[in-house]
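Here the structure is a predicted model, which means the values were calculated and not measured. All residue numbers in this chain count up from 1 along the given sequence.
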Amino acid sequence: MEQYFSEITERKNTRAVKWDLVKTLYGADDILPMWVADMDFKVPPAVTEALVNRAKHGIFGYTYTDKAYNKIVTDWVQYKHQWAIDNGWILYSPGVISTLNIAIQALTKEEDKVLIQTPVYPPFYNIVQNHNRALVKNELIYKDNSYQIDFEDFEAKLKEGGVKVFILCNPHNPVGRVWNRSELEQILALCKKYHVFILSDEIHADIIHEPNKHIPIASLDEEMLHQTITCMSPTKTFNLAGLQASYAIIPDQEIRKKISQAFEKQGIHGINTMGITALEAAYTEGKDWLHQLMLELNRNIDYVMKELSRLEEVDVTKPEGTYLIWLDFTKLNLSQKELKKFLEQKAKVGLNDGGNIR
């Protein structure tokens, strides 16, 4: 563990969104930024070495992915999630959000309804509203120190009609839930019953805290396998967000063709040279680093939980997955504006504004 995570790396003046935009975002330089989902750990040494060697080559022409490259991805998905996917199901893109935007355009029409589960990652709202689709919310229920799906409301929203797509977030950002088999099977049954397509954002799938286990929703139902697009990426897992490398698993041939054509229309042609290099190195040589990362993250989570448990005014939800922690300041009895001011000017921390994801 010492070799990977004992070193503190200065990220200021590297054009890091998290660190170099602090004053722009929060109005002061002395704010501790804890708002964006990248880590302050160096990537696995094998990734750095692979990128350096690729850079030394000195030529950065057009690159491609093929069946041999796809096998790196299929092997990883089998290793991490025990899901045997076909080599030909994979399409690459710069990011999961890019894929979700394209999929909404390709699979729905303007004013079609798209369901999301709130509170949720802010770009989900943009994915729906920027394309003039109707946003439908299935609000999660906080019960027994955990967030749960309101399945009665979920079905009611589908029963109303018009919902064409459900965007699933699993593990859920920001509440940290890893949806279990029973919950996923209920989702599948309802989406099958009401003919709803599933877009599953599983970008945090590799960051799961024991005894929880990530289950790709598409792996549970042969029929719904062809009504689901699963989005994954090494970027959260290995801290590679700036290299823009992700992939979509699309089992249905016609849907895959439709998404591929939509990529073409938007000028998206896979991932860049360095993204290709980093994904390969991470998936083939990053297993030990990831194992050690999970130990480190769990220590950090335990520390945060212990320290914040001393504050009666703050409720903390322990994550089952992701490296995010969801904080509830309701007991402070402050407005959202007052809370934001308090955290930034008094506590000196820059957090994501929960008022934007309700």
Side-chain angles (χ1 to χ4, degrees), residues 43-103 105-107 199-203 205-206 216 218-219 225-290:
V43 302
V47 173
T48 301
E49 182 179 358
L51 291 170
V52 168
N53 289 337
R54 185 65 185 84
K56 285 180 178 178
H57 181 263
I59 299 175
F60 306 99
Y62 295 111
T63 48
Y64 69 97
T65 54
D66 56 12
K67 289 184 177 180
Y69 191 80
N70 287 0
K71 189 175 185 302
I72 296 167
V73 172
T74 61
D75 285 351
W76 180 262
V77 173
Q78 176 66 49
Y79 161 69
K80 284 298 294 180
H81 310 297
Q82 295 74 56
W83 185 23
I85 62 174
D86 188 272
N87 195 287
W89 291 355
I90 301 167
L91 290 181
Y92 297 96
S93 82
V96 166
I97 295 303
S98 299
T99 301
L100 293 176
N101 272 282
I102 294 294
Q105 293 178 70
L107 302 175
L199 297 178
S200 188
D201 175 358
E202 303 186 14
I203 195 171
D206 300 331
S219 70
L225 177 75
H226 294 275
Q227 295 297 311
T228 302
I229 294 175
T230 303
C231 298
M232 291 182 167
S233 170
T235 55
K236 296 298 184 221
T237 311
F238 296 101
N239 208 26
L240 306 173
L243 294 179
Q244 299 186 320
S246 81
Y247 52 92
I249 301 168
I250 312 176
D252 188 87
Q253 183 176 357
E254 289 302 312
I255 297 294
R256 190 168 60 252
K257 181 179 179 181
K258 185 178 289 188
I259 299 299
S260 181
Q261 290 173 341
F263 277 162
E264 287 287 334
K265 289 179 181 178
Q266 297 296 330
I268 294 177
H269 302 284
I271 52 180
N272 65 65
T273 301
M274 290 310 200
I276 288 173
T277 302
L279 182 152
E280 179 175 10
Y283 277 179
T284 56
E285 301 183 70
K287 292 176 182 177
D288 179 64
W289 182 93
L290 179 55

Give every donor-acceptor pair under 3.5 Å between a side-chain atom in residues 262-272 and any protein atom, sequence neighbours left out.
| from | atom 1 | to | atom 2 | distance (Å) |
| --- | --- | --- | --- | --- |
| N272 | OD1 | M274 | N | 3.0 |
| N272 | OD1 | G275 | N | 2.7 |
| N272 | ND2 | L243 | O | 3.2 |

(request) Give a yes or no answer on whether the side chain of S98 reaches the backbone of P94 with a donor-acceptor pair at less than 3.5 Å. (result) no

(request) Spell out, as yes or no, whether a donor-acceptor pair under 3.5 Å connects the side chain of S219 to the backbone of P216. (result) yes

(message) I need the L107 CG to I229 CD1 distance, nearest 0.5 Å.
(response) 5.0 Å

(request) Calculate, to the nearest 0.5 Å, the distance between atoms OG and CD1 belonging to S233 and I97 respectively. (result) 11.0 Å

(message) Quick check: do D86 and I249 have side-chain heavy atoms less than 4.5 Å from each other?
(response) no

(request) Would you mind listing every side chain to side chain donor-acceptor pair (under 3.5 Å) that reaches into residues 238-248, with sequence neighbours excluded? (result) S93-S246, Y247-Y283

(request) Starting at CG of L199, measure out to CG of L100 and round the result to the nearest 0.5 Å. (result) 6.0 Å

(request) Mind jotting down which residue pairs meet the salt bridge (charged side-chain N to carboxylate O under 4.0 Å, His left out) criterion with at least one end in residues 247-262? Sequence neighbours excluded, please. (result) none

(message) Restricting to non-hydrogen atoms, name the atom on W76 and the atom on A282 that form the minimum distance, rounded to 0.1 Å.
(response) CZ3-O, 4.4 Å

(request) Please round to the nearest 0.5 Å and tell me the distance separating atom SG of C231 and atom CD1 of I203. (result) 9.0 Å

(request) State, with a plain yes or no, whether a side-chain heavy atom of T273 is found less than 4.5 Å away from one of R54. (result) yes

(request) Search all heavy atoms of G286 against all heavy atoms of F238 and return the closest pair with its distance. (result) O-CE2, 3.5 Å

Ignoring hydrogens and angles, write down the donor-acceptor pairs under 3.5 Å from the side chains of residues 46-53, residues two or more places apart or on other chains.
| from | atom 1 | to | atom 2 | distance (Å) |
| --- | --- | --- | --- | --- |
| N53 | ND2 | E49 | O | 3.3 |

(request) State whether the number of non-hydrogen atoms from other residues, nucleotides or ligands found under 6.0 Å of Q253 atom CD is greater than 12. (result) no

(message) Considering only residues two or more places apart or on different chains, which pairs with a residue in residues 59-82 satisfy salt bridge (charged side-chain N to carboxylate O under 4.0 Å, His left out)?
(response) K71-D75

(request) Quick one: pull up CG in L240 and OG1 in T277 and give me the separation to the nearest 0.5 Å. (result) 11.5 Å

(request) Please check if any side-chain donor atom of N70 sits under 3.5 Å from a side-chain acceptor atom of W89, or the reverse. (result) no

(request) Could I get the full list of ring pair (Phe, Tyr, Trp, His ring centres under 6.0 Å) partners for F60, not counting sequence neighbours? (result) none

(request) Of all the heavy-atom pairs spanning I259 and A106, show the shortest one and how long it is. (result) CD1-CB, 3.8 Å

(request) Would you name the heavy atoms of A205 and M232 that are closest together and state the gap between them? (result) CB-CE, 4.4 Å

(request) Would you check if I90 and Y69 make a side-chain contact, meaning some heavy-atom pair closer than 4.5 Å? (result) no

(message) I need the H226 NE2 to I250 CD1 distance, nearest 0.5 Å.
(response) 12.5 Å

(message) How close do V73 and Y92 get, counting heavy atoms only, and between which atoms?
(response) CG2-OH, 3.6 Å

